[in-house]
Engineer: 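One structure follows; several queries about it will come next.
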Amino acid sequence: MLTNLKDQPADKILALMAMYREDPRTDKIDLGVGVYKDASGNTPVMRAVKAAEKKIWEEQDSKAYTGLAGDPAYGDAMVSLVLGSAVSRDNVAAVATPGGTGAIRQGLELIKMAAPDATVWLSAPTWPNHPSIIKYLGMPMSEYRYLNDDTPTVNFDGMMEDLQGAKAGDVILLHGCCHNPTGANLTLAQWAEVIALMQEKDLTPFVDIAYQGFGDGLEDDAAAVRMVASEMPETIIAASCSKNFGIYRERTGLLMAVAQDESLKARSQANLAFLNRQNYSFPPDHGARIVSTILNDDALKADWMAELEETRLGMLELRKQLAAELKRLSNSDRFGFLAEHRGMFSRLGATPEQVEKLRVEHGIYMVGDSRLNIAGLNANTVPILAQAIVDVGV
């Protein structure tokens, strides 16, 4: 049987990580992998996470399975974090998942089960795992324009024009904040227009919110998804705790199905639990227990929010420093968008050839479409990157 397997294309980001590890240069810079790093190049364990783990270790008296949906306290805490008071908890079905990727996968499985002919519309560009999973599941897929390549800003007119081609029942996959890979976000006014179009055409939003707290703050970053969930008849939401809690390896996510019709919650909840059972049965609990412990303890939550805000402001400062240094070196404002974008990522606008020159000649690693991880920089590497960008002619 195994001889019938075909070679699969290498994951570009994982391949880039391997190349970086094998590079013997001591001054190399990793801007490829989507992981937050502090000024020392480490991905730290947050203070509140350490304290929560200690509390769990001291108090937890069982490692028995959780329910199929995961620990209820985790689901309640995450629904509150993402949706606030925008919709009643009685209108939200939710299950814990292995990371945000697991939430995306289970959300797509739910869509396929409920509406197998629905086309899933993706921004162009988007996170590579979105189309990869959709293609693997054999689901219809289409794209809408999202980015103006010449200015790295949102191509809103192109987006709205393309979404006019969606048919009733189709699904529109939207990034809740900190768009990956571009860092360019819709304004709330633009979100309102997208909602109006989805209402008019009877489309279902699927919101991927993986970076809440990394852009403009916990509340502001959730404003769009809350608007969508409160104004659309039905909304699917995939949330991740990897970034804002820094618990990447714990694989902690949540899938939500929101319906204005409260009578649909029980059926939605049962179907989400069924999908969990068919895939991994009971979801992992340690990361979820960390999150619920933090969010349900006033002191831990305050400390977590403070450290998350420090992280967010640090990334904004790196964006400003890089944009300013590039302006100084290039005598041009063409990189000003870097200071305006939000989250970990921006696309530089370099060609694949220029990206390769950055790697070969300067030891700077970024994804081939010129997506760079701002969180991979520090005050010392910002001027090195800026000079390299100018040297290769971006």
Side-chain angles (χ1 to χ4, degrees), residues 69-97 99-100 102-104 106-107 110-111 171-179 185-188 190-192 194-195 198-199 203-245 252-269 271-273 283 287-288 290-296 298 301 304-305 308 312 342-343:
D71 177 30
Y74 168 68
D76 290 344
M78 282 297 295
V79 169
S80 178
L81 181 69
V82 175
L83 292 176
S85 59
V87 295
S88 168
R89 181 67 179 90
D90 292 334
N91 296 79
V92 185
V95 291
T97 60
I104 291 290
Q106 296 298 80
L110 185 73
I111 292 164
V171 175
I172 313 301
L173 203 158
L174 300 155
H175 297 230
C177 65
C178 305
H179 186 275
N185 293 329
L186 298 173
T187 65
L188 287 181
Q190 290 171 332
W191 275 101
V194 173
I195 290 169
M198 291 191 295
Q199 291 171 333
L203 308 173
T204 299
F206 185 1
V207 183
D208 182 358
I209 181 163
Y211 302 94
Q212 185 182 354
F214 266 32
D216 292 308
L218 279 169
E219 295 299 305
D220 287 348
D221 287 350
V225 68
R226 292 174 183 178
M227 185 188 303
V228 173
S230 64
E231 298 186 20
M232 292 299 298
E234 298 175 356
T235 306
I236 301 169
I237 303 165
S240 171
C241 301
S242 294
K243 276 73 178 178
N244 51 12
F245 286 88
T252 308
L254 190 81
L255 176 64
M256 291 167 265
V258 185
Q260 300 303 327
D261 183 351
E262 189 177 310
S263 68
L264 294 175
K265 179 188 175 181
R267 186 187 307 169
S268 298
Q269 187 67 53
N271 276 273
L272 291 176
I290 291 169
V291 171
S292 61
T293 299
I294 291 171
L295 294 181
N296 289 311
D298 289 342
K301 184 177 180 180
W304 167 69
M305 291 174 66
L308 179 60
R312 182 184 77 84
R342 290 295 182 269

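Sequence positions, counted from 1, serve as the residue numbers for this chain.
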Engineer: Hey, does the side chain of Q260 reach the backbone of A229 with a donor-acceptor pair shorter than 3.5 angstrom?
Structural biologist: yes
Engineer: Before you tell me yes or no, could you show the steps for F245 and L308 under side-chain contact (heavy atoms from CB on, under 4.5 Å), namely the whole-Å CA-CA distance, both residues' side-chain angles and the distance that decides it to 0.1 Å?
Structural biologist: CA-CA 8 Å; F245 286 88; L308 179 60; over 6 Å; no
Engineer: A side-chain contact here means heavy atoms from C-beta on lying under 4.5 Å apart; do Y74 and P283 qualify?
Structural biologist: no
Engineer: Can you tell me how far OG1 of T235 sits from CE of M198, rounded to the nearest 0.5 angstrom?
Structural biologist: 7.0 Å
Engineer: Using only atom types and a distance under 3.5 Å, with no angle test, would you say the side chain of W191 pairs donor to acceptor with the backbone of G176?
Structural biologist: no
Engineer: Can you name the nearest heavy-atom pair linking G100 to S240, along with the distance?
Structural biologist: CA-CB, 3.8 Å
Engineer: What do you reckon, is CZ of R267 surrounded by more than 12 foreign heavy atoms closer than 6.0 Å?
Structural biologist: no
Engineer: So, the side chain of D221 versus the backbone of G213: is there a donor-acceptor pair under 3.5 Å, distance only?
Structural biologist: yes
Engineer: For the atom pair CD1 (I172) and CD1 (I236), what is the distance rounded to the nearest 0.5 Å?
Structural biologist: 11.5 Å
Engineer: Nearest 0.5 Å please: distance from the CG atom of L83 over to the CE atom of M78.
Structural biologist: 9.5 Å
Engineer: M232 vs I195, test: side-chain contact (heavy atoms from CB on, under 4.5 Å). Steps then yes/no.
Structural biologist: CA-CA 7 Å; M232 292 299 298; I195 290 169; 4.0 Å; yes
Engineer: So, for R226 and S80, which heavy atoms are closest and what is the spacing to 0.1 Å?
Structural biologist: NH2-O, 4.1 Å
Engineer: Of all the heavy-atom pairs spanning I209 and C177, show the shortest one and how long it is.
Structural biologist: CG1-SG, 4.2 Å
Engineer: I need the minimum non-hydrogen distance between V95 and A273, along with the two atoms involved.
Structural biologist: CG1-N, 4.1 Å
Engineer: Within a strict 4.5 Å, meaning less than it, do heavy atoms of the P233 and D261 side chains meet?
Structural biologist: no
Engineer: Taking everything shown except D90 itself, do over 12 heavy atoms lie less than 6.0 Å from its CG?
Structural biologist: yes
Engineer: Could you tell me which non-hydrogen atom of A69 sits nearest to which non-hydrogen atom of Q269, and how far apart they are?
Structural biologist: CB-NE2, 3.6 Å
Engineer: Is there a donor-acceptor pair closer than 3.5 Å between any side-chain N or O of Q212 and the backbone N or O of L218?
Structural biologist: yes
Engineer: Does N91 use its side chain to pair, donor to acceptor, with the backbone of A259 at less than 3.5 Å?
Structural biologist: yes
Engineer: Rounded to the nearest 0.5 Å, what separation is found between the CG atom of L81 and the NZ atom of K301?
Structural biologist: 7.0 Å
Engineer: Once rounded to the nearest 0.5 Å, what's the spacing between atom CE of M305 and atom CG of L295?
Structural biologist: 9.5 Å
Engineer: Please answer whether the main-chain N or O of A192 pairs with a side-chain N or O of E231 as donor and acceptor at a distance below 3.5 Å.
Structural biologist: no
Engineer: Taking the side chain from R312 and the backbone from G215, do they hold a donor-acceptor pair closer than 3.5 Å?
Structural biologist: yes
Engineer: L254 versus V79: any side-chain heavy-atom pair under 4.5 Å?
Structural biologist: yes
Engineer: If you round to the nearest 0.5 Å, how far is CG of N296 from CG of D76?
Structural biologist: 8.5 Å
Engineer: Can you name the nearest heavy-atom pair linking A238 to I104, along with the distance?
Structural biologist: CB-CD1, 3.7 Å
Engineer: The test is side-chain contact (heavy atoms from CB on, under 4.5 Å); show your working for T252 and I290 and say whether it passes.
Structural biologist: CA-CA 10 Å; T252 308; I290 291 169; over 6 Å; no
